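Please read the structure below before turning to the comments.
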Number of protein chains: 2
Amino acid sequence: MKLNQRKQKVLEAVVEDHIATAEPVSSRTIARKYKLGVSPATIRNEMADLEEAGLIEQPHTSAGRIPSQKGYRYYVDRLMRKGHLTDREKSTITSIFAQQARELVDIVQRTIKIVSQYTDYLVFLSGPQLENAALHKVRFISLAPGKAMLVIVSENGWVENKLIDLPVAVSQEELEQVERVFNSYFRGLTFPQITRAILKSVYDELSRQRLLIDLALDIIESVLKQESEDALYLGGTRNILKQPEYRDIQQVRKLLDLIEEQSILRTILAETQNIGITVRIGRENKFDQVQNCSVVTATYTMGGNTVGAFGLLGPVRMNYARAIALVEFITQTLSNALTGSGF
Amino acid sequence: MKLNQRKQKVLEAVVEDHIATAEPVSSRTIARKYKLGVSPATIRNEMADLEEAGLIEQPHTSAGRIPSQKGYRYYVDRLMRKGHLTDREKSTITSIFAQQARELVDIVQRTIKIVSQYTDYLVFLSGPQLENAALHKVRFISLAPGKAMLVIVSENGWVENKLIDLPVAVSQEELEQVERVFNSYFRGLTFPQITRAILKSVYDELSRQRLLIDLALDIIESVLKQESEDALYLGGTRNILKQPEYRDIQQVRKLLDLIEEQSILRTILAETQNIGITVRIGRENKFDQVQNCSVVTATYTMGGNTVGAFGLLGPVRMNYARAIALVEFITQTLSNALTGSGF
DNA sequence: GATTAGCACTCTTACTCATCGAGTGCTAAA
DNA sequence: TTTAGCACTCGATGAGTAAGAGTGCTAATC
């Protein structure tokens with residue numbers, strides 16, 4: 001779709017004014033606030049064209065215009081100027097990560113808390129999942145026949161633990177052998193990287209104990225199967241209610257559904273591309289429950305491996321420039337913090 | 001406060017009808033629905049007395065009466081009949097606990113989910129904290145100088161783990177020694193029970209290594225200090241919005257504050273008495289944010305030791321009989337499930 | 001003396017109607 | 001091509017009214 005310079009200016013004005021005020025934007029407002037050098041009547045003509053193109057719409061005859069979802073998309077793709085955080089904001093955020101963290105969870109929760117203060121959107125975050133991080137060492141603790149606890153320590157000193165099922169009643173001794181295999185051969189690799197192929201390469205040295213390889217494979221599978229179901233954190237629920245879109249209790253209801261039934265948010269994060277920022281506007285979202293919302297997400301990494309994703313969810317009338325700047329800065333800073341030494 | 005038979009009947013009617021309808025209750029309604037055998041006019045006289053006693057109040061002249069918080073308290077203490085769950089409800093709940101659980105957290109989350117279906121109140125739960133359960137064995141994994149992970153296995157096979165700080169750079173060997181001390185001398189005890197006195201009693205056998213005792217004490221202290229900060233689970237947020245009290249966005253706002261800033265709920269659970277059911281009505285609650293709510297809580301146990309608490313939070317106009325029956329049944333069933341074998 | 005019918009009074013709620021004002025679309029002039 | 005002017009639409013606001021629910025009081029009744 002090709003728009004002339006002035007139409008773009010008008011669309012930009014409609015979007016930005018509506019984002020700021022949550023009110024329909026009139027031709028007069030644009031003429032007054034956005035100094036295009038033309039009269040309201042001219043702007044009205046442009047607006048009529050923009051409406052015909054499906055980029056803006058009129059709630060009712062005697063109201064101004066609001067952007068359509070298509071209009072927001074056009075704005076995000078072509079008109080929006082890059083948002084910037086103030087130095088103050090940036091330094092507050094980085095200082096969070098500078099603090100000593102006891103556990104991975106702490107750093108995540110602090111992040112959520114801080115971001116909630118800087119934005120009126122729902123803040124949510126998955127991971128970090130250590131099964132995608134480089135192994136430093138593992139430790140097995142047998143609990144009962146067929147059950148053990150696996151403690152994973154990453155190369156930067158972060159710790160996580162998982163309960164795993166063992167296929168057979170494995171002896172303590174065998175478990176210790178597997179532990180040694182992991183710690184000596186697999187150091188520096190991630191769980192997904194420890195494939196059958198790699199196992200093969202150590203096969204010679206372990207040839208006397210084929211069973212060990214099977215056991216190791218079972219364990220890896222068991223870890224990967226766990227899907228990190230409990231790894232969703234969120235915050236900012238109270239702030240998002242400030243948005244005028246949530247004056248309607250029905251909307252609040254939908255939002256709480258989303259928060260309580262976390263699977264949708266989890267899926268949204270899981271589907272986030274590895275590279276760059278993803279912006280989904282309204283009906284671009286797969287799920288019904290978020291089709292009147294927009295979502296900005298990005299992944300974060302740990303030593304180069306993607307270990308989780310971070311997102312902001314707000315009304316379609318969202319400050320995209322700012323949201324994107326925030327998501328970008330947070331994921332970068334978080335990646336740095338996680339990649340630097342844990343302890 | 002002494003009320004004659006009929007006044008009690010009237011108060012009971014006002015409370016129960018208001019709980020059911022959320023509307024002010026008129027003298028005529030009581031005469032019609034609650035068959036006291038007297039006319040509305042008589043009931044009006046009784047109501048005037050009850051109002052004078054501060055047990056009921058009138059929103060405005062031409063409305064019926066609603067119970068005051070004092071009225072609810074009177075009702076709960078002296079008038080309320082014990083609530084009962086249906087067999088169907090009971091069996092659904094017990095069946096949840098019959099299922100195999102992978103982790104403690106699973107059982108807790110299932111509980112929350114089920115209860116949310118049976119009630120329109122906020123469901124919240126703390127623990128279970130294994131440091132109050134009888135030890136089966138512990139295991140230390142040293143992570144870095146001054147840091148270790150402690151895995152606690154309870155006598156019924158439940159597992160939990162904590163990161164602990166060690167005061168000095170303790171050698172792997174020393175840690176293993178402490179582990180042996182815990183596993184041989186402290187089996188069957190809870191962390192709070194392992195006091196300096198008990199440590200003394202094994203002093204002779206350890207006399208050559210005074211240092212061990214200090215180390216053990218440090219570890220115990222470190223575990224107890226952790227206060228189980230992350231052990232709050234909640235659900236039913238979406239259901240509670242069905243309550244007409246939450247048609248007002250301001251109320252919803254307060255509720256979300258409560259949910260997001262979990263410390264208040266945590267404190268409420270922590271302050272719950274060990275024995276029986278605690279009911280706090282409106283301003284009986286310490287915290288401002290819950291003074292227009294009522295809270296019903298009780299603790300649950302594991303092998304006789306209190307390991308957590310469970311609660312329901314709703315508007316002051318809460319169905320106390322049902323809430324109490326539910327809290328009672330859940331905490332009992334949960335206690336049984338936790339006390340029975342974990343695996 | 002306790003209870004109740006009857007009635008005047010109060011207060012909320014819902015509804016209607018008129019007015020106001022914001023903003024548009026169209027036409028004709030610049 | 002732009003703009004001034006104007007008629008028109010439609011939501012928001014507020015006043016006025018009627019209906020209805022419920023009370024409190026008084027006087028009659030049991």
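Values below: every heavy atom of this structure, side chains too, minus hydrogens, waters and symmetry copies. Owing to the predicted nature of the structure, the values given are computational and were not obtained by experimental measurement. Throughout, protein chains are lettered first and strands after them, A, B, ... in sequence-line order, and every chain is numbered starting at 1.
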In whole angstrom, what separates [X]'s [atom1] from [N]'s [atom2]?
X: A:Glu23; N: D:dG11; atom1: CD; atom2: P; value: 15 Å
X: A:Glu52; N: C:dG25; atom1: CD; atom2: C1'; value: 14 Å
X: A:Asn45; N: C:dG23; atom1: CG; atom2: P; value: 17 Å
X: B:Arg6; N: C:dG1; atom1: CZ; atom2: C1'; value: 12 Å
X: A:Arg28; N: C:dT24; atom1: CZ; atom2: P; value: 11 Å
X: B:Glu46; N: D:dT23; atom1: CD; atom2: C1'; value: 16 Å
X: B:His60; N: D:dG20; atom1: NE2; atom2: P; value: 17 Å
X: A:Met47; N: C:dA22; atom1: CE; atom2: C1'; value: 13 Å

Checking contacts here: which listed nucleotide ([options]) is nearest the side-chain heavy atoms of [X]?
X: B:Arg65; options: D:dT23, C:dG25, D:dA4; result: D:dT23
X: B:Ala41; options: C:dT4, D:dT3, C:dT24; result: C:dT4
X: B:Ser62; options: D:dC10, D:dT23, C:dT10; result: C:dT10

*Quick one: does B:Thr61 reach the base of C:dC11 with a side-chain donor-acceptor pair under 3.5 Å?*
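Donor-acceptor pair under 3.5 Å: no.
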*Donor-acceptor pair present, B:Arg44 side chain and D:dG24 base, under 3.5 Å*: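 Between D:dG24 and B:Arg44, which were checked side chain against base, a qualifying N/O pair under 3.5 Å is present.
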*Would you kindly say whether B:Thr92 and B:Tyr118 are connected by a side-chain donor-acceptor distance under 3.5 Å?*
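Note: B:Thr92 and B:Tyr118 side chains meet the donor-acceptor criterion.
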*For B:Ser116 and B:Tyr121, test the side chains for any donor-to-acceptor distance below 3.5 angstrom and give the result as yes or no.*
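The criterion, which ignores hydrogens and geometry beyond distance, is not satisfied for B:Tyr121 and B:Ser116.
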*Mapping B:Ser39 and B:Pro59 to their closest nucleotides on DNA chain C, which lands nearer the 5' end?*
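Whichever sits nearer the 5' end wins; that is B:Ser39.
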*Salt-bridged, B:Arg81 to B:Glu12, with N to O below 4.0 Å?*
yes
*Return yes if some donor-acceptor pair links the side-chain N/O of A:Asn239 with the main-chain N/O of A:Gly236 below 3.5 Å, else return no.*
no
*Would you say B:Asn285's side chain and B:Phe287's backbone share a donor-acceptor pair under 3.5 angstrom?*
no
*OP1 or OP2 of C:dG23 less than 4.0 angstrom from a side-chain nitrogen or oxygen of A:Arg32, does that happen here?*
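Looking at the OP1 and OP2 atoms of C:dG23, neither is under 4.0 Å from any side-chain N or O of A:Arg32.
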